[in-house]
There are 2 protein chains.
Amino acid sequence: MSAETHPELTKNQALVFGSLSGAGGPLTAYAILDQLRDDGFRAPLQVYRALDKLVEYGMVHRLESLNAFVACAHTGCAAHGAAAFAICERCGDVSEFTPEKAIDLLRNWTEQQGFRLSRTTIELRGTCKACASSN
Amino acid sequence: MSAETHPELTKNQALVFGSLSGAGGPLTAYAILDQLRDDGFRAPLQVYRALDKLVEYGMVHRLESLNAFVACAHTGCAAHGAAAFAICERCGDVSEFTPEKAIDLLRNWTEQQGFRLSRTTIELRGTCKACASSN
DNA sequence: CCGAGGGCGTTACTTTATAACACAAATACC
DNA sequence: GGTATTTGTGTTATAAAGTAACGCCCTCGG
């Protein structure tokens, strides 16, 4: 899978990705399902199956602490490998960023332990600038 | 358990903490519930309420990517503030560690953004040394 | 005494995610 | 072309994780 080109998406995958991209923020699988009722979606599995593939392709990230999914901010994130998220608990805004040095340090730790790293989850909860100042 | 670092636990909190401590690894809320049936536990809420407090006290961590909970490895983790976890997907073993430099870098990023950080989740998925070598 | 807050027990419920089964479409291979 | 294999799809049913709402019983400070 090339980092620059997206794989060919199936119809369902394209619908789910479109829904997430259009949202401009994270959506739960069931929220996506509701959005896609008019496109013929009837069951959660249709969404989860598409999401599994999109996550595998690096086009979508799963936010573990929200049980939600978000389109990758980098249109071809697979190259980056790891991403981090700052999640505002007030307004729900999510910022994706790539703290390479921090990730290097974590990877170094795993290598020292003989731990073979496959996936890194970094999620920061708090209050975004806008919400913190509008207090 | 030190009276200085730990608050007085209620009966339910002590039971849940004991269950988690004895497990030597993560447990889901429902697994804890099953373990405590003989102690009179009947409903998930009894577990979740205790867990909420234990997490608040820093004695228990929630593993977001497993929907599970684990007793803090440091008996008084509240001081450390943030922890990271390496989760073996083969044997389920979880190692807690405290990557202070990586956390500092993440905190610096949030400060630059004006993001007020309240909670940090770092979870590494992969294969532990023992499982990787017993291949 | 009493009243406010915290913890507790229970029922019912919502949200999140998978299992199992059957069919269809694309791909691979000779 | 024909056939095996994989991959995607649709559906029903069910499991797993988490919460709302209610009422009761403590206990602690006034």
Side-chain angles (χ1 to χ4, degrees), chain A residues 1 6-20 23 25-57 59-70 87 89 92 94 119 121 123 125, chain B residues 3 6-20 23 25-57 59-70 87 89 92 94 119 121 123 125:
Chain A
M1 175 115 13
H6 296 336
E8 286 293 313
L9 296 185
T10 68
K11 184 185 166 210
N12 283 4
Q13 288 160 13
L15 284 167
V16 168
F17 186 67
S19 174
L20 266 181
L27 292 178
T28 67
Y30 281 74
I32 295 169
L33 174 58
D34 284 340
Q35 285 207 2
L36 295 178
R37 296 256 180 222
D38 295 342
D39 298 288
F41 274 54
R42 320 251 56 176
L45 257 192
Q46 298 175 280
V47 178
Y48 282 110
R49 289 203 271 229
L51 284 171
D52 283 348
K53 284 296 178 186
L54 293 168
V55 168
E56 181 189 323
Y57 300 156
M59 300 170 66
V60 164
H61 300 288
R62 180 188 170 93
L63 298 174
E64 302 285 356
S65 65
L66 293 178
N67 292 328
F69 301 83
V70 67
I87 302 168
E89 292 178 315
V94 172
R119 193 158 63 82
T121 296
E123 298 181 15
R125 310 295 295 260
Chain B
H6 296 341
E8 285 292 313
L9 296 185
T10 69
K11 184 185 164 209
N12 282 5
Q13 288 160 15
L15 284 167
V16 168
F17 185 67
S19 175
L20 268 180
L27 292 178
T28 67
Y30 280 74
I32 295 170
L33 174 58
D34 285 340
Q35 285 209 0
L36 296 179
R37 296 254 180 223
D38 294 342
D39 298 289
F41 273 54
R42 319 252 58 181
L45 220 50
Q46 298 175 279
V47 178
Y48 282 111
R49 290 203 271 231
L51 285 171
D52 283 348
K53 285 297 178 183
L54 293 168
V55 169
E56 182 188 323
Y57 300 156
M59 300 170 64
V60 164
H61 300 288
R62 179 190 171 92
L63 298 175
E64 302 285 355
S65 65
L66 293 179
N67 292 330
F69 300 85
V70 67
I87 301 167
E89 292 177 315
V94 172
R119 192 157 63 82
T121 296
E123 298 178 16
R125 310 293 296 258

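Just so it is clear: chains get the letters A, B, ... in the order the sequence lines come, proteins before strands, and each one is counted from 1. Side chains are part of it too, since the values below use all heavy atoms of this structure and drop only hydrogens, waters and symmetry mates.
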Looking at residues at least two apart in the chain, or sitting in another chain, which of them share a side-chain contact (heavy atoms from CB on, under 4.5 Å) with [X]?
| X | answer |
| --- | --- |
| A:Ala29 | A:Val47, A:Tyr48, A:Leu51, A:Phe69 |
| B:Ala43 | B:Gln46 |
| B:Ala14 | B:Leu9 |

B:Phe41 and B:Ile32: side-chain contact (heavy atoms from CB on, under 4.5 Å), yes or no, with the steps? CA-CA 9 Å; B:Phe41 273 54; B:Ile32 295 170; 5.9 Å; no
Identify the two heavy atoms, one from A:Ser65 and one from A:Ile87, that lie closest to each other, and give their separation to 0.1 Å. OG-CD1, 3.7 Å
Grab the two heavy atoms, one from B:Pro44 and one from B:Leu33, that are nearest each other, plus how far apart they are. N-CD2, 3.9 Å
Taking Watson-Crick (N1-N3 plus N6-O4 or O6-N4) and G-U wobble (N1-O2, O6-N3), each under 3.5 Å, can you produce the dot-bracket string of DNA chain C? Use [ ] for crossing pairs and | for inter-strand ones. ||||||||||||||||||||||||||||||
Specify the residues of residues 26-35 of chain A, ordered by number, for which at least one heavy atom lies under 4.0 angstrom from an atom of DNA chain C.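 Within residues 26-35 of chain A, the residues near DNA chain C are A:Thr28, A:Tyr30.
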Could you give the start and end, 5' to 3', of the contact zone on DNA chain D for chain B, using atoms under 4.0 Å from its heavy atoms?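 Taking any atom under 4.0 Å from a heavy atom of chain B, the span is D:dA17 to D:dA21.
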Has A:Arg49 got a side-chain N or O lying under 4.0 Å from the OP1 or OP2 atom of C:dA19? no
Report yes if at least one side-chain N or O of B:Asn67 is closer than 4.0 Å to OP1 or OP2 of C:dA17; otherwise report no.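 Checking B:Asn67 against C:dA17: no side-chain N or O falls below 4.0 Å of OP1 or OP2.
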Any residue meeting side-chain hydrogen bond (donor to acceptor under 3.5 Å, both in side chains) with B:Ser19, in chain and number order, not counting sequence neighbours: B:Gln35
Interatomic distance where [atom1] belongs to [X] and [atom2] belongs to [N] [whole Å]:
| X | N | atom1 | atom2 | result |
| --- | --- | --- | --- | --- |
| B:Gln13 | C:dG7 | CD | P | 6 Å |
| B:Phe41 | C:dC8 | CZ | P | 8 Å |
| B:Asp39 | C:dG9 | CG | P | 11 Å |
| A:Gln46 | C:dT16 | CD | P | 18 Å |
| A:Glu8 | C:dA25 | CD | P | 18 Å |
| B:Tyr48 | C:dT10 | OH | P | 18 Å |
| B:Asp52 | C:dG7 | CG | P | 11 Å |
| B:Asn12 | C:dG7 | CG | P | 11 Å |

By the 4.0 Å heavy-atom rule, please label A:Arg42 as base, sugar-phosphate, or nothing. sugar-phosphate
By the salt bridge (charged side-chain N to carboxylate O under 4.0 Å, His left out) test, which pairs, at least two apart or in different chains, include something from residues 25-42 of chain B?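 Sorted result for residues 25-42 of chain B: B:Asp34-B:Arg37.
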Taking salt bridge (charged side-chain N to carboxylate O under 4.0 Å, His left out) as the cut-off, I'd like each qualifying pair that reaches into residues 61-70 of chain A, sequence neighbours left out, listed once. A:Arg62-A:Glu64, A:Glu64-A:Arg119
Drop me the distance from A:Leu63's CG to A:Glu123's CD, to the nearest 0.5 angstrom.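 With rounding to 0.5 Å, CG (A:Leu63) is 5.0 Å from CD (A:Glu123).
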Report each atom pair, protein N/O against N/O of nucleotides 3-6 of chain C, whose distance is under 3.5 angstrom.
none

